[in-house]
Protein chains: 2
Amino acid sequence: MDAVELLRQLKGKGVRFTPQRQAILEFLLETKSHPTAEEIFQHVKEKFPGVSLGTIYNTLNMLKEHRHILELSYGDTSSRFDGNPENHYHVVCSNCGKVVDYDRPLLHLEQEASDATGFRIDGHRLEFYGLCPDCRKRQPVH
Amino acid sequence: MDAVELLRQLKGKGVRFTPQRQAILEFLLETKSHPTAEEIFQHVKEKFPGVSLGTIYNTLNMLKEHRHILELSYGDTSSRFDGNPENHYHVVCSNCGKVVDYDRPLLHLEQEASDATGFRIDGHRLEFYGLCPDCRKRQPVH
DNA sequence: CTATATGCAAACCATTTGCATTGAG
DNA sequence: CTCAATGCAAATGGTTTGCATATAG
């Protein structure tokens with residue numbers, strides 16, 4: 001589903017279709033880089049020099065509420081955003097912060113976790129930490 | 001291993017043993033609540049009314065660097081700290097923010113993740129999200 | 001028209017930093 | 001004595017909020 005189609009659907013929920021939102025969502029859907037709000041801002045500014053960071057955050061929060069994107073917050077300073085809203089796993093570089101998808105079948109652990117803890121489990125998150133191939137080369141020992 | 005013993009060991013690494021540090025570490029080792037820095041601050045203030053938040057953060061960062069505690073940062077506003085430095089899994093309440101240990105054997109997925117992504121994997125993190133028993137009662141539908 | 005979104009600036013708030021003073025070793 | 005740790009206050013930085021203006025519907 002592309003950005004235009006997705007934003008058209010949202011119109012039914014009282015959400016307005018603006019060119020800034022289209023640009024933000026298009027970027028999130030086409031990139032695999034899991035960008036930060038700042039990076040999205042820099043990218044959108046190329047087409048809309050007057051756009052503000054506030055608009056980026058406004059749109060990201062709206063898309064998050066409607067479950068069309070994922071916010072990834074690792075211990076880092078800033079969150080990253082993922083245009084793929086389905087649960088999937090990530091590998092995070094401890095050195096450069098890069099986030100890469102790790103596509104594998106989902107684990108079925110939620111029933112077991114629910115039984116063990118008494119929580120009603122709605123989802124889970126799995127991330128791996130390490131050095132990406134690039135950082136591995138640059139600091140072979142560490 | 002208790003707080004005093006642990007801090008004595010750290011002396012060999014140029015770390016000073018102060019009563020504030022002892023109180024912070026003792027609290028982290030005895031509680032199962034995964035407290036925030038602010039909560040640790042409030043607790044330590046009972047014994048040391050003059051302690052400052054800066055000292056809490058200073059100590060937490062020192063303990064983290066020496067891998068005696070874990071910093072848990074979920075999307076929340078503030079981090080939580082865990083006196084158990086071994087990798088283990090957590091269940092987080094989406095409503096009240098409570099974090100509970102979920103003790104189960106570790107998953108052996110790192111080799112597979114490394115093969116699939118080219119990263120040198122050093123660790124992984126697994127968290128479950130949902131409603132804790134208390135919040136479940138209070139908002140049965142959601 | 002009218003209400004939501006935008007752009008801008010100020011506010012927030014968890015965490016960090018700077019610095020004079022204290023105190024551990 | 002000496003240097004790391006403390007307490008305090010100011011600074012930082014990502015994110016949110018407030019408000020006047022612009023614009024989607």
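Proteins get letters first, then strands, A, B, ... in listed order; numbering begins at 1 in each.
- Counting to the nearest Å, the C1' atom of dT16(D) and the NZ atom of K64(A) are 11 Å from each other.
- The shortest distance between the side-chain N/O atoms of T18(B) and the OP1/OP2 oxygens of dT6(D) is below 4.0 Å.
- Here dA24(C) presents its P atom at 9 Å from CZ of R16(B), a figure rounded to the nearest Å.
- Nearest nucleotide to the side chain of V15(B), out of dA24(D), dT16(D), dA5(D): dA5(D).
- Among the heavy atoms of the strands lying under 4.0 Å from Q20(A) are primed sugar atoms or P, OP1, OP2 only; no base atom is included.
- Within 4.0 Å (heavy atoms only), T36(A) reaches no atom of the nucleic acid at all.
- Of the candidates dG7(C), dA24(D), dA24(C), the closest approach to any side-chain atom of T55(A) belongs to dG7(C).
- Atoms CG (L53(A)) and C1' (dT15(D)) sit 9 Å apart, rounded to a whole Å.
- Residue-to-nucleotide proximity on DNA chain D shows that, of G14(B) and V51(B), the 5′-proximal contact is made by G14(B).
- Within 3.5 Å, no donor on the side chain of R21(A) pairs with an acceptor on the base of dA5(C), nor the reverse.
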Exercise. Could you give me the CA-CA distance, side-chain angles and deciding distance for Y89(A) and H124(A), then say whether side-chain contact (heavy atoms from CB on, under 4.5 Å) is met?
Key: CA-CA 10 Å; Y89(A) 305 143; H124(A) 70 277; 2.6 Å; yes
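- Spacing between atom CE of M62(B) and atom C1' of dT15(C) amounts to 17 Å, rounded to whole angstrom units.
- Between F48(B) atom CZ and dT6(D) atom P there is a gap of 10 Å when expressed in whole angstrom units.
- Within the 4.0 Å cut-off from OP1 or OP2 of dT16(C), not a single side-chain nitrogen or oxygen of N58(B) is found.
- In this entry the distance linking CZ of F81(B) with P of dA14(C) reads 12 Å, nearest Å.
- T59(B) contributes a side-chain N or O that, together with a main-chain N or O of T55(B), makes up a donor-acceptor pair within less than 3.5 Å.
- Look at T59(A) and you won't find any side-chain N or O under 4.0 angstrom from OP1 or OP2 of dA5(C).
- Atoms CG and CD, on L7(B) and Q22(B) in that order, are 7.0 Å from each other to the nearest 0.5 Å.
- Spacing between atom CG of L72(B) and atom P of dA14(C) amounts to 17 Å, rounded to whole angstrom units.
- Within the structure, a side-chain polar atom (N or O) of K11(B) is placed less than 4.0 Å from OP1 or OP2 of dG25(C).
- Of all nucleotides listed (dA5(C), dG23(C), dT15(D)), dT15(D) comes nearest to the side chain of A37(A).
- Phosphate proximity of dT15(D) to S78(A): absent, as no side-chain N or O sits under 4.0 Å from OP1 or OP2.
- For the atom pair E127(B) CD and R125(A) CZ, the distance stands at 5.0 Å (nearest 0.5 Å).
- Between Y57(B) atom OH and dG7(D) atom C1' there is a gap of 16 Å when expressed in whole angstrom units.
- When only modelled atom types and interatomic distance are considered, E65(A) and N61(A) share no side-chain donor-acceptor pair under 3.5 Å.
- Note on T77(A): every side-chain N or O is 4.0 Å or more away from OP1 and OP2 of dG14(D).
- Atom CZ of F128(B) and atom SG of C93(B) lie 15.5 Å apart (nearest 0.5 Å).
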